[in-house]
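Below, chain A is the first sequence line, B the second, and so on; all start at residue 1.
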Amino acid sequence: MAAGKPVVMVTLVSSDGQSFQLLEEAALLSAMVRDTIQIGQGRGPAGIPIRNITGQTLSMVVVYCNKHYTAAAAADGDDAADEEKKVANKKQLREWDEQFINLEQDKLYDILVAANNLGIDGLVDLCCWRFADMMKGKSASEIRVKLGIRDDFTSEQRAQIEKDSPWVWSRTT
Amino acid sequence: MLQPARENEGVWRLSVWCFGVDAGVQFSRCENPIFPLIPSMAQDGGESRDWAEMPSDALSGVFGKLNASDILTGAGLVCRVWRQLATNDPTLWRRVDMSCQADLVENMKAKYAMARIAVNRAAGTMEAFSAEYFVTDDLLLYISTRASSLKSLHLIYCPYISIKGIAEAMKGFTQLEELTLYLSSFHGYVSEAIGRAGQQLICFRLNNAFGYYNCPVDDTEAFWIANNMPELRELQLIGNRLSNDGLIAILDHCLRLESLDVSRCYNVQMDDVLKSKCARIRDLMLPRDQDVFIDSDPSDEGYSYDTDAMYDSEY
């Protein structure tokens, strides 16, 4: 953080009433927060209400924003010529991301939906990557079991699928 | 402040422990066969997640990170909503990579059909297609007539593609910029078959797998490239029979060339003229740069094949 810069904090309030205070610059990773602040709201003591996102999920999102803001600020302060250090820092952040997102699937779902609503592109991307990784190499029925999704195809749709792609039906039922 | 009390977490942990399995397998509350009505089964917010109804832009993002085969055999067939997304979002099929798949031969027919579906779903917007082994002349023509927007085509060891097939397909690829033909063994000259499509090629990789010493010189391919691919930035000709004359023609005509790989082109002898002409090339791989498996003297009799007989049998 550059010296002399005033420290501005914002408060995010979850749907279940929990408050999280963080640096405004960190919160600005969210397009939704950005828009709110741009129209001159959200800086007051009441904070920014975040609908549909509970405290437990929001706390994770805040951890992510803080980490990525700190990493970006540190990178700005670094000697631009020091490529090796930059690469090392990037690698470190990627490792942190991977650990951070190594979550049980319901939490992953919550964070993906939250990041999507808040417009935090990096976090959406990270969640999508992790979620896709969970589905790679799995048949439709394996995915259904894992995520508790019901097979809701009509018999006509099944017939169509069988016609389009006969090789998979044996795998999916 | 950042760590508010997590009232439900203990309950949730206990529930996972009770099942003794990966937390992933069950927790859609309504479908839990053992405790269908216990509301505390789901942790955060007290509600189970409806994966089938997750926001479509988020689901799009997830699908975007899966490859074509994963969508076609798995995620795209899970439920109505997911299938609809897989079928109706052409952007998912812009870059289709069907290479590097382990079950090489068994599913050839399936892969053939999958590639056709991918092409159809891309609805004319496919930009890159990459495949190993299963592609035939018919399939190539199918792609060519429906994906004229294709910019990049990678075909790795596709023995069912002929020169004639390449020639036919290339007529449809009017925007192709990158063409890779790895481990190919065509009976004829590929660059000739590429024809007019060569005019806008930026990258051309033709890998004949095995170049060998003392093979007869043939600069036909090289001259075709020199005369018909003026935009090339990257050229890879591995195991080609071109000589210094062919390579000089390429260097003189392809003025934008930045990267050149002529590994295992043993008829090329690096002399002063060639060295000076190659000086402008940023990435250069010379005939013997990749000789990892041949480390003896090339004049050694062990590497002197009856090459004329080999080529006679080819044509």
Compare every heavy atom of [Y] with every heavy atom of [X], then report the nearest pair and how far apart it is.
X       : Y       : value
A75(B)  : M135(A) : CB-CE, 4.2 Å
D164(A) : I117(B) : O-CD1, 3.5 Å
I143(A) : W82(B)  : CG2-CZ3, 4.0 Å
A58(B)  : C128(A) : O-SG, 3.8 Å
L66(B)  : A132(A) : CD2-O, 3.4 Å
L147(A) : W51(B)  : O-CD1, 3.1 Å

Problem - Test item: T154(A) and R80(B) side chains (from C-beta on) under 4.5 Å apart, heavy atoms - result: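 In contact.
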Handout entry: Proximity breakdown for N116(A) and chain B, heavy-atom pairs closer than 4.5 Å
Key =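 Contact with chain B: side chain only.
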Problem - Under 4.5 Å from a heavy atom of chain B, the part of D125(A) involved - result: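 Answer is both: backbone and side chain atoms of D125(A) are under 4.5 Å from chain B.
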Practice task
Pick one of side chain, backbone, both or neither for R83(B), based on which atoms fall under 4.5 Å of a heavy atom in chain A.
Solution key: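 Contact with chain A involves the side chain of R83(B) alone.
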Problem - Inter-residue atom distance C79(B).SG - R144(A).CZ, 0.5 Å rounding - result: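 Interatomic distance, C79(B) SG to R144(A) CZ, rounded to 0.5 Å: 8.0 Å.
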Practice task
Look up atom CD1 in I149(A) and atom CZ in R49(B), then write down how far apart they are to the nearest 0.5 Å.
Solution key: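 It comes to 13.5 Å.
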If you count the non-hydrogen atoms of other residues, nucleotides and ligands that lie under 6.0 Å from [atom1] in [X], is the total more than 12?
X       : atom1 : value
Q160(A) : CD    : yes
K90(A)  : NZ    : no
Q99(A)  : CD    : no

Exercise for the section: Inspect the contact between D133(A) and K65(B) and indicate whether a charged nitrogen and a carboxylate oxygen are less than 4.0 angstrom apart. Expected result: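 Looking at D133(A) together with K65(B), the answer is no, because their closest N to O distance does not fall below 4.0 Å.
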